[in-house]
Number of protein chains: 2
Amino acid sequence: MKPAEILNTHKLKRTSCREGILEVVINAGQPLSENEIRENLPGNYDRTTFYRSFKTLEEHQIIHKIVIDNQLVKYALHNSITHKQDHAHFYCNDCDMVKCLDDIPVQKYQLPDGFSDNETEVIIKGTCPKCKNKD
Amino acid sequence: MKPAEILNTHKLKRTSCREGILEVVINAGQPLSENEIRENLPGNYDRTTFYRSFKTLEEHQIIHKIVIDNQLVKYALHNSITHKQDHAHFYCNDCDMVKCLDDIPVQKYQLPDGFSDNETEVIIKGTCPKCKNKD
DNA sequence: TTATTTTTTGCAACATTATTGCATTTAGAC
DNA sequence: GTCTAAATGCAATAATGTTGCAAAAAATAA
Ligand SMILES: [Mn+2]
Ligand SMILES: [Mn+2]
Ligand SMILES: [Zn+2]
Ligand SMILES: [Zn+2]
């Protein structure tokens with residue numbers, strides 16, 4: 001699906017920042033940091049606009065962010081199939097790569113009395129195949 | 001266990017910053033942010049020293065941090081019983097309270113081929129009992 | 001005890017990530 | 001093409017965290 005289509009589907013204005021972010025993230029096929037996105041965007045770049053665009057795209061559940069250890073944030077497209085379902089994320093300690101594990105639904109945890117949940121985040125840290133074969 | 005004892009056990013110097021952080025976190029009985037810790041510390045406060053003290057205490061697995069949505073970080077004592085075991089954390093969307101769910105071990109996830117894991121973080125977001133009874 | 005070495009501290013500077021206010025521009029509806 | 005609500009760009013500000021370095025404190029050696 002193309003950026004313009006996605007924006008139309010959600011009745012969002014087609015602005016260059018929104019289209020640019022989507023374009024880059026779709027092409028990458030994996031979660032990217034703000035800097036990685038910026039590096040792949042042509043022309044001038046405004047951080048405020050990025051954050052506001054992200055907020056909009058997030059509210060429409062088009063992209064989501066993955067926070068690793070505060071100070072590393074990656075942005076990723078929602079897989080249109082699993083979409084709303086909570087899924088786990090993988091983080092490679094060696095190369096900082098983040099991967100959406102769309103096929104791995106998160107476990108439903110039994111909370112203590114009185115607590116109720118509505119979202120669960122799971123981040124699995126380890127080594128990715130690429131880094132493992134680097135010895 | 002008292003701060004001084006803990007530091008002695010780990011053969012760490014008893015400095016006022018380390019003792020202060022431990023004192024405050026032990027008294028609170030729940031994870032606190034840097035600001036919440038600072039507010040409960042007497043005398044002058046240096047952020048650099050806080051971060052360096054935290055690093056030391058973390059390396060000795062005395063306290064650990066919980067990152068909620070980057071921009072909210074809470075620091076908590078390690079439960080001496082479950083200690084090294086990965087445990088889930090609860091975050092209240094209403095009051096920002098964080099709770100260590102020491103009794104809830106994290107599930108072992110089956111990763112795709114070639115990936116290996118060595119640590120898993122689970123954050124369950126929802127409403128705490130106090131906030132639920134506030135209608 | 002005194003001297004030497006190591007660790008910790010406090011401060012300034014800097015980096016990164018993120019938010020707000022406001023004037024200007026633009027996309028899309030008419 | 002005109003109009004208007006929405007989005008943008010820029011400056012200012014905030015929160016969180018790190019680094020270098022000289023001074024202070026603690027541990028160790030003599
Ligand atoms: Mn994902
Ligand atoms: Mn915990
Ligand atoms: Zn890797
Ligand atoms: Zn609450």
Side-chain angles (χ1 to χ4, degrees), chain A residues 2-25 31-39 41-60 62-76 91 96 98, chain B residues 3-4 6-25 31-39 41-60 62-76 91 96 98:
Chain A
K2 293 215 162 77
E5 281 183 76
I6 297 173
L7 293 173
N8 284 336
T9 303
H10 289 268
K11 296 194 171 109
L12 291 173
K13 283 190 189 176
R14 292 177 45 191
T15 69
S16 69
C17 184
R18 290 173 186 171
E19 285 195 306
I21 292 175
L22 288 176
E23 178 86 34
V24 171
V25 167
L32 298 180
S33 67
E34 188 206 336
N35 255 315
E36 290 166 333
I37 293 173
R38 152 196 270 148
E39 283 163 10
L41 283 176
N44 64 321
Y45 179 87
D46 182 73
R47 305 193 67 234
T48 309
T49 305
F50 169 85
Y51 283 109
R52 283 196 279 230
S53 296
F54 165 69
K55 198 181 171 217
T56 302
L57 296 173
E58 186 191 36
E59 283 165 354
H60 285 78
I62 298 168
I63 64 181
H64 62 289
K65 74 174 175 186
I66 304 115
V67 178
I68 310 290
D69 273 348
N70 77 315
Q71 303 312 78
L72 177 59
V73 179
K74 298 254 187 174
Y75 301 88
Y91 170 71
D96 288 340
V98 171
Chain B
I6 296 173
L7 294 172
N8 284 337
T9 303
H10 288 268
K11 295 196 172 111
L12 291 174
K13 286 188 189 175
R14 292 178 43 193
T15 69
S16 68
C17 184
R18 290 172 186 170
E19 283 194 308
I21 291 175
L22 289 176
E23 179 85 35
V24 170
V25 167
L32 298 179
S33 67
E34 187 207 336
N35 255 314
E36 290 167 334
I37 293 172
R38 151 195 270 149
E39 284 164 9
L41 283 177
N44 65 321
Y45 178 87
D46 182 74
R47 306 193 64 235
T48 309
T49 306
F50 169 85
Y51 283 107
R52 283 195 279 231
S53 296
F54 165 69
K55 198 181 170 215
T56 301
L57 295 173
E58 186 190 35
E59 282 165 354
H60 284 79
I62 297 167
I63 65 181
H64 62 290
K65 75 174 173 185
I66 303 115
V67 178
I68 310 289
D69 273 347
N70 78 317
Q71 301 314 78
L72 177 59
V73 179
K74 298 254 185 174
Y75 301 88
Y91 170 71
D96 289 341
V98 171

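Just so we're on the same page: letters track the sequence lines, and every chain starts at 1.
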May I ask you to verify if any side-chain N or O of B/Asn70 is less than 4.0 angstrom from the OP1 or OP2 atom of D/dT16?
no
In whole angstrom, give the distance that lies between atom CG of A/Asn35 and atom C1' of C/dT17.
10 Å
Send over the distance from A/Leu72 CG to C/dA15 C1', rounded to a whole Å.
15 Å
Show the numbers, then the answer: is there a side-chain hydrogen bond (donor to acceptor under 3.5 Å, both in side chains) between A/Glu58 and A/Tyr75?
CA-CA 10 Å; A/Glu58 186 191 36; A/Tyr75 301 88; over 6 Å; no
Among the candidates C/dG28, D/dG20, C/dT17, find the nucleotide nearest to the side-chain atoms of B/Gln71.
C/dT17
At less than 4.0 Å, is any side-chain N or O atom of B/Tyr51 found next to OP1 or OP2 of D/dG17? Yes or no.
yes
Tell me what B/Thr15 touches on the nucleic acid: a base, only sugar-phosphate, or nothing, going by heavy atoms under 4.0 Å.
sugar-phosphate
If you measure from CG on A/Asn70 to CD1 on B/Ile66, what distance do you get to the nearest 0.5 Å?
12.0 Å
Integer-rounded Å distance: D/dT8 C1' and A/Glu19 CD
15 Å
In whole angstroms, the gap separating C1' of C/dA15 from CZ of B/Arg47 amounts to 13 Å
Rounded interatomic separation in angstrom, taking CG from A/Leu12 and C1' from D/dA5
14 Å
Could you check how far CZ of A/Arg52 sits from P of D/dA11, rounded to whole Å?
14 Å
Kindly assign one of parallel, tilted or perpendicular to the pair A/Phe50 and A/Tyr45, based on the angle between their ring planes and the thresholds 30° and 60°.
tilted
Under 4.0 Å, counting only non-hydrogen atoms across every strand here, what does A/Arg14 touch: a base, just sugar-phosphate, or nothing?
sugar-phosphate
What is the distance from NE2 of B/His60 to C1' of C/dT7, rounded to the nearest Å?
13 Å
Pick one: which of A/Ile63, A/Thr56, A/Leu57 meets side chain to side chain contact (heavy atoms under 4.5 Å, CB included) with A/His60?
A/Thr56
Base, sugar-phosphate alone, or nothing: which one does A/Ser53 contact when heavy atoms must sit under 4.0 Å apart?
sugar-phosphate
Side chain B/Lys74, main chain B/Ile68, donor-acceptor under 3.5 Å:
no
Can you tell me the distance, in whole Å, between the CZ atom of B/Arg38 and the C1' atom of D/dG17?
13 Å
